[in-house]
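Here is how names work: the chains are called A, B, and so on, in the same order as the sequence lines, proteins then strands, and each is numbered from 1.
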2 protein chains.
Amino acid sequence: MKKDVHSLALTRAGIDTYRQPVVYMREDCDLCRAEGFSALTKVGIVLGERSIVAALNVVTAADWLSREDAGLSEAAWQALNAQDGDLATFFHPEPAQATSSIRAKVYGQRLDAAACQAIVSDTIGHRLSDLDLAAFITACAGNRLDIDETIALTRAMKEAGQTLDWGQGPVLDKHCVGGLPGNRTTPIVVAIVAAAGFRIPKTSSRAITSPAGTADTVEVMTPVALDLAAMRRVVDLEGGCLVWGGKLDLSPADDLFVRIERPLDFDSDGQLVASVLSKKAAAGSSHVLIDMPVGPTAKIRSPEAARSLSQRLLAVGDALNLKLLIHHSDGSAPVGRGIGPALEARDLLAVLRRDKHAPLDLRERALDLAGALFDLIGDDAHRGRSKAVELLDNGAAERKFFAICDAQGGFSEPGAAAHRLPIVASSSGLVRAIDNRRIGKIAKLAGAPNRKLAGVLLMTKPGVRVDQGETLYEIHAETPGELAWAKDFAMAGPEPVILENQS
Amino acid sequence: MKKDVHSLALTRAGIDTYRQPVVYMREDCDLCRAEGFSALTKVGIVLGERSIVAALNVVTAADWLSREDAGLSEAAWQALNAQDGDLATFFHPEPAQATSSIRAKVYGQRLDAAACQAIVSDTIGHRLSDLDLAAFITACAGNRLDIDETIALTRAMKEAGQTLDWGQGPVLDKHCVGGLPGNRTTPIVVAIVAAAGFRIPKTSSRAITSPAGTADTVEVMTPVALDLAAMRRVVDLEGGCLVWGGKLDLSPADDLFVRIERPLDFDSDGQLVASVLSKKAAAGSSHVLIDMPVGPTAKIRSPEAARSLSQRLLAVGDALNLKLLIHHSDGSAPVGRGIGPALEARDLLAVLRRDKHAPLDLRERALDLAGALFDLIGDDAHRGRSKAVELLDNGAAERKFFAICDAQGGFSEPGAAAHRLPIVASSSGLVRAIDNRRIGKIAKLAGAPNRKLAGVLLMTKPGVRVDQGETLYEIHAETPGELAWAKDFAMAGPEPVILENQS
C-alpha cells in the first residue's frame, strides 16, 4: 500500500488493555493533527481485509513511539493480525450501528431481535467502546431486560459464534451460577453421567479472578485445549469430555460483556441468563442442570433472588429448546480441602477413587448434581441419586474419568508442590469461619492458577476445634520465592481461619 | 520511603488517556503477581500526601518499562505530582463510596444529597473508573434524574470546588447551550453590559472539539489565564472580565463528566442543567441569561425539547437562587464570517467598532442577548434592547471592551495569517447550505485553535448567489505545510459550501 496521509506504520506497544483495542499515536503526528484525533477519540484502522475501531491514547512525552508509527495494544494487534511495520489506513469511524440501539435502550425503549443482533455483532467486531458497553450493561441492569428481550439477546449471542450439533439424542450439560472455592464437581459429574451411557460434551472456562477454573484443574491431569474435531472424537468414544471452551468460539460476545460487568460489579438477571444459556445452546446441549449456590456471601444471596432468576432461566430455556433443572445448593462455605489446580484435582480424584480421606462435601455435591441430571432426562423415575451413588461406588465413574483422560491425550497424576509451609493456630478455639477472599489470595500469591501445583490446603473446617500449634492450612508453592511471598502476606494480615475466641 | 514489596519507582509514560489515570506495569513485575493485579484492575497508588486510583494496563512485550518501575499516564502523573524515580506504594483499593450510590441509581433508586456528594467527591478524587462514570451517566440519561435529584447534583457539583462571592448587588452572566460555529457573542455582550455599569465577571472555556472556544478567541487580544485575585482586580475596575475558567476550579466534576458524555454521545437534561448551573452558581452569578439555539442540526432540535429543558433550568435555578432567563435563538446556521480564534476576534472587533463590513448576524445576536440581560435584571422596563443598541452604537461598549483588555494585561490587534488560499466555486449557483462539520474540520486542519491565526474565512452565506470562479471561502494558515494539509482535505471531499445546482 502506498503511504499517504491516512497511513501510519504499525508497531506493537505490548500493552494489555484487557481486550480493549487501543491505538497509541504521537500528538505531533501528522495524522492526529490532520484528522483532529484527540485522546479517547474512536479511530478506525484498516489493515488488509481486517478493520477495527480503537480508542486513541495520545503519546505526549515518550520516545518509544515515532511520529511515523502507531502503537497498538495487544487486543488491537491481534484483532488486525498485524506485523511490525505494516502500513495501516486510519479513518474517523461512523458510529457503530449498535450505538443507536443502545441509546434507544438507555432512553427506555425495548430491544428487538435486530437491535440485539447489532449490539452483539458490533461488540464482537470491536466497534463499540468500553463506555458504550458499560452504557449497554447499565441500561439492562436490574430487571430492565424483559423476558422477550432476554430471549432475543440469548439468540443473538448464540448465533454470533460457532454452534455445535451432536445429532440425535439428549446432550447433557451442567453449569454453576457463581462458583464457590473448591466446588470442583464438574469432572465427577461428567464421569458419572458418561458412565451411565449419556452424552455430556462439557466445556469449561479458565480462572478469571479465582485461584483455579475447571479447565485449569482438569489440565493438571489431561490436555484440555482441544479443537472441535478432537472434542468430537473424545465424545464419540466416551460419551463425555472435559475441554476448555476457549478454542471453540461459543457465544463470543459473552467474554466481552463479562470483562465490563466484572469491574462494574453489577449485571442483570437478563444478561446472566443470556450469558449462560447462549453458551449452552451454542454447545448443542438439550438438558442442562444449573447449580445455584445460595448464601449470604454467594452470588445469589436470598431465596427470593434465586426464585426470580430461576423463573427467567426456565422461560428463556424453553424458548431455546433447552430443558433446564435448577438445583439450589448451600452457598455458605467453601467445598473440599484444596484451593489451586493440582490441589483441587487431588480432591476430586480422591472422590472418584473412593479414598477414605476424600472430602465428603465434594462427593455429596457431585452426587446431588449427577442424580438431578438423571432425573432431568426422566431416567429411572427419580431414582437418579441412587444411580449416581452406584456408578461412583462401583468404580464405573472412576474408569470413565480415566478413559476420558486417555481419549483427550492421556492422564498424569497431579504432582505435589516442592515447597510447603504449615500455618499453625496461634491459640486454641473453635473454627468459626474461613475468609474465602483472603485464603484465595494466599493461594494466588503462592502462584495459582499459573503454577499448577501451588495453592492452599485447608486442614480444618468451620465447626472443628483446633489446639494452639495445630496446622490450620498449608501453603504450597513451586518456588521458595513464591512461598515467601504468600507467607509474608498470610503473616501480615488477619488470620483467614477465624477462631471463635478471636474478635 | 523504604522500598518494600508494595513499592515501585514511578516513571512518566507520556501517554494522554484523556484524564483517566492509568498505571502501566510489567506483567512479570513482583507487584502484579503478588497483588494479583491484572489488566483493568483498579490500583491504588500513594505518593506522599496524595493518592489516586488508576486503571492498570499490563505491559507484556515492551522494553520501555522495567520490572522495577510503574509508568503513569499524564493524568495520573499530574494527580500525584510525581517526579521521575519517586517510590510509590500500591494497594488494592476499597470500592469507592460512590459505587454503591451509583449501583442504587442503576437499580432505580433515587439519589439524595449524600449520594450526589459521594459521587462528585469520588469523581474529583479519581476514585471512580471510566466505566463507573459511564454507568452513572447512563443511569441518569433521558429523564431519570428528577428535579430534586438535579438540584442535589447541582449543589454537590457547585460545592465541590471554589465558590466566588462578589458581595452586594446583581452579578450577571450568560451561557450558550450547544454553541454554533462563529457564535462569538460573549465579548460583545460583556462589553455592553459592563458599559451599562453592571457587574459581569465572565468565565469561559477553551475549545474541546471546535476550532475555537471563547477563551481561545479572547486570548488573541488579551491574556485570559488570570487567577482569582487578578480576575477580581479587573472586575473591581471595569465591572466585567473575559477570563478562562480553567484556573478557577469552578465545579471541577463537570469536566470529568463531560469527558465521558462526549464519547457516549448522550447526556441527560438533568446533567446538562447541573453542569451549566453548578458553574454559574459557583461563579457567584445572580442573573443568568441562557442562549438556547434551536434548530434541526443544533444540540436542541425541537421547540418541545427546548421547553422541557427550559422548565428544568428554571426550577433548578430557583432552588439555587439564580434568576434565569432562557433566550431561544435560531440554531439553523453558523454565525459571522470567521472560524478560528483570530478570525472570530476580527468579527467581534468589527461589531464593537461599528465597521461597515461587520457581520450583521453576530451584531444582532449580541444585541438580543445584552438586551435580554438588561430586561432580566428589571432595568428600564423592557427597553433592554434599545439600551444595548445605544451602548454599542455610541462607542461605550467598544471603550469598555478595550478597558477590560487593558485591565487584563493589554490589548493586541489580531494578526492575519501569512498563508491564505482562496477556494473558488467550480460552478455558479445559489448557496443552499454550509456543512458546519466539514468547514470546522478544514479550520482545524489549518491549525485552529492552537495556531491562533489559522482557520476559515467564509466569503458567502446561504441564500447568496455565486458565480463560477468566485471565492467561497479562504483557508488561513500560519505555515505552508498546514495550508497544504487543509487544502488537500478540502479538495479531496465534497465541497462544504453546497450550491443549489449540486446534488
Novice: Is any side-chain heavy atom of B/Asp130 closer than 4.5 Å to a side-chain heavy atom of A/Leu131?
Specialist: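 Yes. Closest side-chain heavy atoms under 4.5 Å.
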Novice: Would you give the length of the straight line joining atom CG of B/Asn143 to atom OH of A/Tyr107, rounded to the nearest 0.5 angstrom?
Specialist: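 If I round to the nearest 0.5 Å, the distance is 8.5 Å.
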Novice: I'd like to know if the side chain of A/Arg144 and the backbone of B/Val106 have a donor-acceptor N/O pair within less than 3.5 Å.
Specialist: yes
Novice: Taking C-beta and beyond as the side chain, do A/Val59 and B/Asp16 meet within less than 4.5 Å on heavy atoms?
Specialist: no
Novice: Using a cut-off of under 4.5 Å on heavy-atom pairs, state which of B/Ala139, B/Ser73, B/Gly71, B/Ala135 scores highest against chain A.
Specialist: B/Ala135
Novice: Within the structure provided, determine whether A/Trp64 and B/Ile15 are in side-chain contact (heavy-atom separation under 4.5 Å).
Specialist: yes
